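All residue numbers refer to positions in the sequence shown, counting from 1. Counting convention: from 1, in listed order, for ligands and their atoms alike. Computed from a prediction, not measured in an experiment: that's the story for all the values here.
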Amino acid sequence: MSSSDQPHDSASRRDFLKTSALVGAGAALVVPTGFSSSLFASGDDTVKVGLIGCGGRGTGAAGQALSTNGNVKLTAVGDAFPENARGVVDAVKGGLGSKGDRVQVKPENIFDGLDAYQKVIDSGVDLVILATPPGFRPIHFEYAVKAGKHVFMEKPVAVDAPGVRQVIEANKIAKEKKLKVGVGLQRHHQAGYLETIKRIKDGAIGDVVAMRAYWNGGGVWDPRKTREQCKTEMEYQVLNWYYYNWLSGDHICEQHIHNLDVINWVKGGKDKEAAYPVKANGMGGRQVRIDKKYGEIFDHHYVEYEYSDGSRLASQCRHIRGCWDSVSEFVTGTKGTSNPSGSIHGPGINWNFSEKQKDPYQVEHDDLFAAIRKGTEYNEGDNGAYSSMTAVLGRLCTYSGKEISWDDALKSNVSLAPKSYSWDAEPPVKANADGVYPIAVPGLTRVL
Ligand SMILES: NC(=O)c1ccc[n+]([C@@H]2O[C@H](COP(=O)([O-])OP(=O)(O)OC[C@H]3O[C@@H](n4cnc5c(N)ncnc54)[C@H](O)[C@@H]3O)[C@@H](O)[C@H]2O)c1
């Protein structure tokens, strides 16, 4: 065994993870803390919801929040772009049918601009949904928690190590204030995953010794406007956010986090240290989606992650059409194999999850709102941050071509964020005179 094959042990990692309260299955401890109607701004049992980021997921999440049991209202919305903020009100109402009257957003509570988040949070809401591009998430989460709001935030929760640490720090305050924090890693609320991973943790396949995870598909939307159609470079990048790392973290963070998070969930358990990889190496590049309009992200990444028990995860994510597509996870144990979404096979075992599953996007809101109403502990923030870090670690490896430890990656002060946020501020990445953005070159690019 070479030294890089040795199981990793690290005091700093142990100390760091010791502070994280919640990991793994459901990531939601249910400990009664007592119900208090003063949790709600309106003084009754109505939960007033504010939406920040009024695109596809924000519209869906607002509808799901308003479909939970009990009195709940959407009272404020905010988006970088005014047309998105205005449009979401009717879109959410239209999707709710007979519950459409739960949308009660007064015109003065429709905000736009890069500071819209502060206005939504300060408008008297009880809970905010954070569904902007993830580069903004640490700032928005911290502001919401400091203002005493419950939060549902989409994944990933950060795109770099300073952002991950900012979320972890803000989440400590959330826990002190007994705020409820949901993170949009909805597989934790999907019956097939819950039952299968419970069986794996109960020993159905023995020790998990090898893992695979895939987000291979054709990619997402094409850039929405050209540079010439936008007034400033900042507007251009925020509008086409998927293709800029300070906003999206690359597609390994944006989408593949779901699959990495499932493997972390399988590997975690009583021993929180085991849940997150200790080091990784990888390769990747940009082979097909190479037009300058696609900014700076890669179109494929392969990462090999190593966990503290020496087991390894082979992870692929690809945005190239016409290839083998799969969004899935597989694990191999000493006694069998499993697809954690719902099957276990091996000598003497042939089990498939066969119950009807509720929509996990709805269940994650049902669970969060139930915790708010019952006053039970509910905080998915740390796991959201560490699974985001897992994806960031992968990108650092594929961009640099180096093997990088979790500890070195997590303590990194390399921030992707811009110095200031306004439409005429300079984004942290700039194109050359031909409109071409710098692309990472493994072996040359420094990431730490
Ligand atoms: N859990 C899931 O399965 C799932 C599915 C889809 C998207 N998502 C996540 O949801 C987030 C949003 O994705 P989407 O598909 O809705 O993208 P989108 O582009 O449709 O929507 C993002 C919205 O945020 C707005 N915005 C950008 N910067 C902002 C800022 N600083 N303040 C306020 N608004 C801002 C944009 O104008 C846009 O309306 C991403 O983090 C994504 O990963 C999660």
Side-chain angles (χ1 to χ4, degrees), residues 50-64 76-89 91-92 110-121 128-141 143-144 152-159 163 167 182-190 193 215 217 219-225 230 234-244 246-262 317 327 359-365 368 380 384 387-388 391 417-418 420-423 425 427:
L51 170 64
I52 299 164
C54 305
R57 186 77 274 273
T59 307
Q64 281 130 10
V77 298
D79 195 279
F81 300 101
E83 59 277 20
N84 297 358
R86 282 195 301 268
V88 82
V89 177
V92 176
I110 301 176
F111 304 106
D112 66 80
L114 295 176
D115 60 354
Y117 74 98
Q118 296 175 340
K119 295 174 182 163
V120 171
I121 290 167
V128 283
I129 296 170
L130 307 182
T132 66
F136 297 109
R137 201 90 70 237
I139 302 169
H140 294 183
F141 179 59
Y143 192 85
F152 173 80
M153 58 178 161
E154 265 306 337
K155 45 45 68 173
V157 303
V159 298
V167 169
V183 174
L185 291 163
Q186 68 276 1
R187 285 161 175 76
H188 287 279
H189 301 267
Q190 187 169 334
Y193 279 100
W215 192 297
V220 295
W221 41 270
D222 242 38
R224 290 153 168 168
K225 279 188 184 173
C230 295
M234 180 64 97
E235 180 188 330
Y236 176 65
Q237 292 191 18
V238 172
L239 194 63
N240 300 320
W241 61 269
Y242 209 99
Y243 298 101
Y244 301 92
W246 70 275
L247 288 156
S248 75
D250 203 321
H251 63 101
I252 188 170
C253 292
E254 245 299 298
Q255 290 179 308
H256 194 39
I257 181 178
H258 281 298
N259 320 103
L260 300 173
D261 172 64
V262 166
C317 59
V327 176
D359 175 4
Y361 289 98
Q362 183 58 52
V363 180
E364 66 184 347
H365 284 272
L368 171 62
E380 299 180 329
S387 279
S388 300
S420 64
Y421 295 89
S422 68
W423 289 127

- Check: Y193/Q186 side-chain N/O donor and acceptor closer than 3.5 Å: no
- Message: Hydrogens and angles aside, do N259 and H256 bring a side-chain donor and acceptor to less than 3.5 Å of each other?
- Response: yes
Out of curiosity, is [X] lining ligand 1, as in a heavy atom under 4.0 Å away?
| X | value |
| --- | --- |
| R137 | yes |
| F136 | yes |
| A116 | no |
| Y361 | yes |
| R224 | yes |

Who gets closest to [atom] by heavy atom: [options]?
| atom | options | answer |
| --- | --- | --- |
| atom 30 (C) of ligand 1 | V159, T132, L239 | T132 |
| atom 21 (O) of ligand 1 | G55, S248, G184 | G55 |
| atom 22 (C) of ligand 1 | A85, A131, G53, G58 | A131 |
| atom 42 (C) of ligand 1 | R57, E154, E254 | E254 |

Using a strict cut-off of 4.0 Å, indicate which atoms of ligand 1 neighbour a heavy atom of [X].
| X | value |
| --- | --- |
| F81 | 37 (O) |
| V238 | 27 (C), 28 (N) |
| P134 | 41 (O) |

- Return yes or no for this condition: an N or O of K155 is under 3.5 Å from an N or O of ligand 1. yes
- Task: Please say whether A80 places an N or O atom under 3.5 Å from an N or O atom belonging to ligand 1.
- Result: yes
- Record the part of W241 in heavy-atom contact with ligand 1 below 4.0 Å; permitted values are side chain, backbone, both and neither. side chain
- Distance (rounded to the nearest 0.5 Å) between D79 CG and C54 SG: 4.5 Å
- Message: Give me the nearest non-hydrogen protein atom to atom 27 (C) of ligand 1 as residue plus atom name, then the distance to 0.1 Å.
- Response: P133 CD, 3.1 Å
- Task: Please report which non-hydrogen protein atom sits nearest to atom 25 (C) of ligand 1, along with the residue it belongs to and the distance in Å to one decimal place.
- Result: D79 OD2, 3.1 Å
- Check the angle between the aromatic planes of Y117 and H140 and answer parallel, tilted or perpendicular using the 30° and 60° thresholds. parallel
- Task: Measure the acute angle between the ring planes of F152 and H365, then classify it against the limits of 30° and 60° as parallel, tilted or perpendicular.
- Result: tilted
- Message: If we ignore hydrogens and angles and just use 3.5 Å, is the side chain of K155 paired with the main-chain N or O of I257 as donor and acceptor?
- Response: no
